[in-house]
Undergrad: 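To start, I am sharing the structure in question, which I have written as structure tokens.
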Amino acid sequence: FNLGNYSVGTTLNYTIRCSNKAITVTVNGRSATRTYSNSMWQSDRYYFKAGSYVQDNTGTSSEGARVEFTALSTSH
């Protein structure tokens, strides 16, 4: 699901919440929720990963990006 297109330099505020067999992602106030069943992911392992990842596999070897995290928190 697409939660918007953002320009370079835009600050993104986002949350990822898993509760009651639903995952809700909110980015800068826009949300999307997907439900799941326990059997869908019972054998999967989960992790959170954030950064800037090149999607096109083209460009020079010095091509890159800068990502800055200003805050990160978890709750259980």
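On a predicted model such as this, the values are computed, not experimentally measured, just so you know.
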Undergrad: Once rounded to the nearest 0.5 Å, what's the spacing between atom OG1 of Thr24 and atom CZ of Arg17?
TA: 8.0 Å
Undergrad: At what distance, to the nearest 0.5 angstrom, does OG1 of Thr33 lie from CG of Asn20?
TA: 11.5 Å
Undergrad: So, taking the atom named CG in Leu12 and the one named OG1 in Thr70, what distance separates them when rounded to the nearest 0.5 Å?
TA: 10.5 Å
Undergrad: Check Leu3 against Ser31 and note the closest heavy-atom contact, atom names and distance.
TA: CD2-C, 3.8 Å
Undergrad: Of the non-hydrogen atoms in Cys18 and Tyr36, which two are nearest, and what is the gap between them?
TA: CB-OH, 4.5 Å
Undergrad: Which atoms form the tightest heavy-atom contact between Thr11 and Asn28, and what is the distance?
TA: O-ND2, 3.2 Å
